[in-house]
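First up is the structure itself, then whatever we jot down about it.
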Amino acid sequence: MLPLLRGLLTTLKSMAEKPTTVSYPEQKRPVSARFRGRHVLNRYENGLEKCIGCALCAAACPADAIFVEAAENTDEKRFSPGERYASTYEINMLRCIFCGFCEDACPTEAIVLEDNYELSFTDRKQAIYTKEMLLNPVPAQGKPTPQQVEPGVFTRSVPEMKDPTD
Amino acid sequence: MEKSEPKKFVVPIGPQHPALKEPGHFEFEVDGEIVTGATARFGYVHRGIEKGAETRSWIQAMYLLERVCGICSHVHATAFALGAEKLAKVTVPPRAQAIRVLVGELERLHSHMLWLGVAVHEAGFDTLFMYSWRDREIVMDLLEGLTGNRVNYSANVLGGVKIDVDDKQRDDILKGLEVLEQRAQYYLKVVTTDETFLGRTRGIGTMTYEQAELLGAVGPTGRASGVKRDVRVEAPYAAYPDFPVNLITDTRGDLEARFVVRIKELFEAIRIIREILDKMPTGEIQTKMPRRVPEGETISRVEAPRGELLYYIRSAGGDKPDRVKVRTPSLCNWGSVLTTAVGHKLADMPMILSGIDPCFSCNDRAAIIRRPDQPAQAWDWESLRLHGIEYYKR
């Protein structure tokens, strides 16, 4: 009799407990700060794209998921600081393994793995995320790209970092 | 009517869903309810990872090899990184080695708790399955906070680790471990005292010390039979020389002993993690690794949650590995399943199968050859050698 009551006590106790179930998708579990979700391409505050089309991410990618094609910047049509910008930037999300190595390889901190984990597609073509889908929106004080700028201002493709070892 | 000769009755199980949710094919010869012989067939999940590693650069191959197994992914990357660093004569800073061990032990917690859930589920004890998987979320969250992913952490890079441990994460881990330790106490109590559950584990699948030595059982499976073997103790790698591990063995060798050994390893892992967080070495977490690794070959051994994991790495001096050979712990333990299965009831097979913590994706490099006149496992070295010669003549 006693073991039975003890068993029922456990049942009673767990009735008072809060359920551990998270009713996704209505309720979302916050992800950790280091979470590696879908990539985004960042912009500078003036609206210029951080990506300079160097394709170091594509070279580093262990899964060959990234395809980058670069084109020349001009001061009339400027997408990013420096000589070149990425005219095509595609990530195949079916190939991507979310290791974050592109993030480490990027010299301008343009590509960052953010916290979006809701990736679903109905066919293989949809799995290829283009540059338009990956780019962050233009910040409030910035202008959309391509911008027309003064010549000789944006000559450095890699910005000067405060801590070069960082 | 003439009475016909009694024939062998074979129960095929798999490749779809043989007790575990991974593909593997088993054939049990039964006499009534009692199993008289067992054969296994694997390779349904062959992905060609070893060959794939040869076409990728050293760092890319590490990410690929991390995906050999979804549960013990960090140890695969560690084994490869340690081997590549040995070849390149790179000394990894002590803090990086400590973080490698830290993630490795957290992964051991996660792997053993996952196994506990699966194994008790096979016994029909679904309450404990739910409990252990709920509590496993704690360690999964810790790993997510530490590395960014719940599985395939990508914590390693060649020449160090990618992630550092700050004070907040340290506190989170310590808090999580406190809960886990209490829960592990509870699991130990349940699996050693619950009468119904002991009926499924006590005296089932017993493997003696001699059998374990003969069949080359590794990891907790071997240690439950009294085999005093653990790479972390015998040949300490990474930060294990500074954080010594206590060997946990049992002498009974049955399923109960395997439960006890694995749960006691949870306590040991918790102790090691606390010690590392307490005496974390300071300094850098990465050193520079050359893109080209000098010519040479090496063996790298680490202790995965399931047992000894062995990597053979050969470099021809290029920016790609020349050959990578992976020998996973599950591969060594299959012999013990097929041998101990004999004499047990067919209903005990799922428990005996899951008792070694099998990983089928680790077995994609196993080939079991069957001859019509003999049982599959009765192959001596000489006949295997002759078969190999014949096979390659064609």
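- Interface remark: of the candidates A/Cys61, A/Ala33, A/Ala63, A/Cys61 forms the most heavy-atom pairs closer than 4.5 Å to chain B.
- Annotation for A/Arg29: atom CZ counts as buried by contact number, over 12 foreign heavy atoms lying within 6.0 Å.
- Among residues 56-63 of chain B, the residues having any heavy atom closer than 4.5 Å to a heavy atom of chain A are, in sequence order, B/Arg56, B/Ile59, B/Gln60, B/Tyr63.
- By the 6.0 Å contact criterion, CD on B/Glu195 is open, its count of non-hydrogen atoms from other residues, nucleotides or ligands being 12 or less.
- Contacts between B/Gln286 and chain A at a heavy-atom distance below 4.5 Å are absent for every atom of the residue.
- For A/Glu83, the CD atom counts as loosely surrounded, since its 6.0 Å shell holds 12 or fewer non-hydrogen atoms of other residues, nucleotides or ligands.
- Heavy atoms from other residues, nucleotides or ligands lying under 6.0 Å from CD of A/Glu45 number 12 at most.
- Counting heavy-atom pairs closer than 4.5 Å to chain A, the top-ranked of the candidates B/Gln169, B/Glu66, B/Glu137 is B/Gln169.
- At a heavy-atom cut-off of under 4.5 Å, chain A is reached by B/Asp141, B/Glu144, B/Gly145, B/Leu146, B/Thr147, B/Gly148, B/Asn149, B/Arg150, B/Asn152, B/Tyr153, B/Ser154, B/Lys162, B/Ile163, B/Asp164 from residues 139-167 of chain B, listed in order of number.
- Residue A/Thr21: no heavy atom, backbone or side chain, is found under 4.5 Å from chain B.
- Around the CD atom of B/Glu284, the shell of radius 6.0 Å holds no more than 12 heavy atoms that belong to other residues, nucleotides or ligands.
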